[in-house]
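The block underneath contains the structure these notes are about, expressed in structure tokens.
So that the names make sense, note that chain A is the first sequence line, chain B the second, and so on, each numbered from 1.
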Amino acid sequence: MPELPEVETIKSGLQTLLKGKVIESLSFDWPKSYPNSLADTKQFLYGAKIVKVRRRAKVLIIDLSSDYSLVIHLKMTGQLVYKDHKVRYGGGHPNESLISKLPDKSTRVIITFKDTSQLFFNDQRKFGWMKLMPTSMIENLDFFKKLGPEPLEKDFSAEVLKKRLKRRPNSSVKAALLDQSVIAGVGNIYADETLWGAKVKPARLVKDIKNGEFTKLYHALVDVLRLSIKLGGSTDRNYLSAEGKKGSYLAFASVFRKEDQACPRCGHTILKTRVASRGTHYCPHCQK
DNA sequence: CACTTGACCTGTCCGC
DNA sequence: TGCGGACAGGTCAAGT
């Protein structure tokens, strides 16, 4: 479930933890988690230095001094957790239990740096992947070419959101929000939270959304994403930051995973239904 | 063409 | 206690 705020939090952590480190070696236990050949790995990964860590939509990009990059999609259960063996995680360190157990049975890829520290790519459900490719090739990938705008970039506005959502007039507004070619980075948690914030029912069709509602959707979306980044993202089940920390946004969520509880705005009971083939949480009273 | 559903996977939870 | 099945939900391919 890493969505934009979770991937952004991991990016910030990795940027600090990994910058300037030199890769010694890589190992993996599941080919789909790391599909590259050993020859390419030795030539372009071993000995390369970490130059920069970036994010686009829900994808992480680690740029290397070899002009290759590691492109990483965590999908639903992926984690990237860093462990420095010179640091003692015992003695009450808040992340002791999580980090000291690595690697564990969900570890798919291990990157070891020259200084003996390690980056663990854990992925319980094996949907995620980490691919080594030339940095210049990334923008040509179909996935990247189709992506919609980043909602936290300066030029994103209510007008842009309206224009993008209207590309799918006959879809539910929730399905359109989840479509990465419409807007990049929104997943199930922040779609539900955004719709609650804008007082819009998830199943409403885009063509029936009023101008004023697009403006509310815009403000709700940006506010929800910014708040979640501030809180280190949402830990629903699996998500951890690069430092092995859980995110605390869900404690502040209004509807996500709050079915049968009172709506924080009007007090009516929050429902869980299915919209766009996803579990969908909303208040039937104040979301119109 | 626009949109929805199934596949990819494993762990957890629920009912019998 | 054990077991089958539903569910979790990001993205792509296949189906309507």
Side-chain angles (χ1 to χ4, degrees), chain A residues 1-11 28-35 55-61 71-80 98 101 103-109 121-131 138 141-148 150-151 164-195 202-209 225 228 233-240 246-247 249-250 253 255-260 271-282:
Chain A
M1 295 137 251
E3 305 180 26
L4 189 156
E6 290 74 31
V7 180
E8 182 68 22
T9 302
I10 294 170
K11 184 208 83 177
F28 62 91
D29 84 333
W30 183 255
K32 285 184 183 172
S33 300
Y34 183 77
R55 178 192 63 76
R56 173 76 171 105
K58 300 170 191 170
V59 176
L60 271 168
I61 303 164
V71 181
I72 305 162
H73 203 307
L74 300 169
K75 292 287 179 83
M76 247 99 76
T77 56
Q79 305 171 337
L80 280 174
L98 298 163
K101 285 178 192 150
D104 62 27
K105 64 177 171 179
S106 73
T107 300
R108 309 294 167 214
V109 185
F121 173 30
N122 295 335
D123 186 16
Q124 177 190 108
R125 290 174 69 181
K126 301 180 174 176
F127 288 176
W129 42 258
M130 174 183 283
K131 292 174 187 168
I138 297 173
L141 296 175
D142 277 353
F143 177 83
F144 275 80
K145 281 196 283 193
K146 281 188 290 190
L147 282 176
E150 287 287 332
R164 300 297 299 185
L165 289 174
K166 289 215 163 191
R167 289 159 59 102
R168 297 193 49 176
N170 294 308
S171 287
S172 65
V173 60
K174 171 148 180 177
L177 283 169
L178 290 172
D179 184 339
Q180 300 300 292
S181 70
V182 172
I183 317 156
V186 180
N188 208 35
I189 298 172
Y190 302 106
D192 281 5
E193 291 298 308
T194 296
L195 289 161
R204 289 261 305 282
L205 300 187
V206 170
K207 65 184 176 191
D208 297 329
I209 301 293
L225 295 176
S228 183
S234 298
T235 293
D236 185 15
R237 295 183 158 75
N238 290 272
Y239 167 75
L240 292 178
K246 296 183 177 188
Y249 174 80
L250 280 193
V255 285
F256 190 80
R257 287 282 148 78
K258 308 283 183 187
E259 60 267 34
D260 303 327
L271 292 185
K272 182 172 182 186
T273 56
R274 258 183 127 67
V275 176
S277 326
R278 300 286 162 74
T280 297
H281 315 73
Y282 74 104

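With sequence neighbours left out, A:Asp123 forms a side chain to side chain contact (heavy atoms under 4.5 Å, CB included) with A:Thr77, A:Arg108, A:Phe121. A search for salt bridge (charged side-chain N to carboxylate O under 4.0 Å, His left out) contacts involving A:Arg204 returns A:Glu213, not counting sequence neighbours. Residues satisfying the side chain to side chain contact (heavy atoms under 4.5 Å, CB included) criterion with A:Lys32, sequence neighbours excluded, are A:Trp30. Scanning for ring pair (Phe, Tyr, Trp, His ring centres under 6.0 Å) contacts around A:Phe127 gives an empty result, with sequence neighbours left out. Applying the side chain to side chain contact (heavy atoms under 4.5 Å, CB included) rule to A:Pro202 yields the partners A:Lys174, A:Leu195, A:Val275, A:Thr280, A:Tyr282, A:Gln287; only residues at least two apart in sequence or on another chain are considered. Partners of A:Phe256 according to the ring pair (Phe, Tyr, Trp, His ring centres under 6.0 Å) rule, which considers only residues two or more places apart in sequence or in another chain, are A:His281. Remark: A:Tyr249 engages A:Tyr190 in a ring pair (Phe, Tyr, Trp, His ring centres under 6.0 Å) (not counting sequence neighbours). With sequence neighbours left out, the side chain to side chain contact (heavy atoms under 4.5 Å, CB included) criterion links A:Glu150 to A:Leu4, A:Arg55, A:Arg56, A:Ala57, A:Glu153, A:Ala184.
Taking the C1' atom of each, B:dG6 and C:dA6 are spaced 15 Å apart, rounded to whole Å. Remark: the separation of the P atoms in C:dA14 and B:dC9 is 15 Å, to the nearest Å. Between C:dT11 and B:dG11, the two P atoms lie 22 Å apart (nearest whole Å).
Applying the salt bridge (Lys or Arg N to Asp or Glu O under 4.0 Å) rule to pairs touching residues 178-189 of chain A yields A:Arg168-A:Asp179, sequence neighbours excluded.
Protein chain A contacts DNA chain B over a range whose 5' and 3' limits, counting nucleotides with an atom under 4.0 angstrom from a non-hydrogen atom, are B:dC3 to B:dG11.
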(message) Walk along nucleotides 4-16 of chain C from 5' to 3' and tag each nucleotide B, S or - by protein heavy-atom contact under 4.0 Å, base first, then sugar-phosphate.
(response) ----BBBBS----
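Aromatic ring pairs are classed by plane angle as parallel below 30°, tilted from 30° to 60° and perpendicular above 60°; the pair A:Phe28 and A:Tyr34 is tilted.
Remark: DNA chain B forms stems of 3 or more consecutive Watson-Crick or G-U wobble pairs, all pair distances under 3.5 Å, at B:2-8 with C:10-16, B:10-16 with C:2-8.
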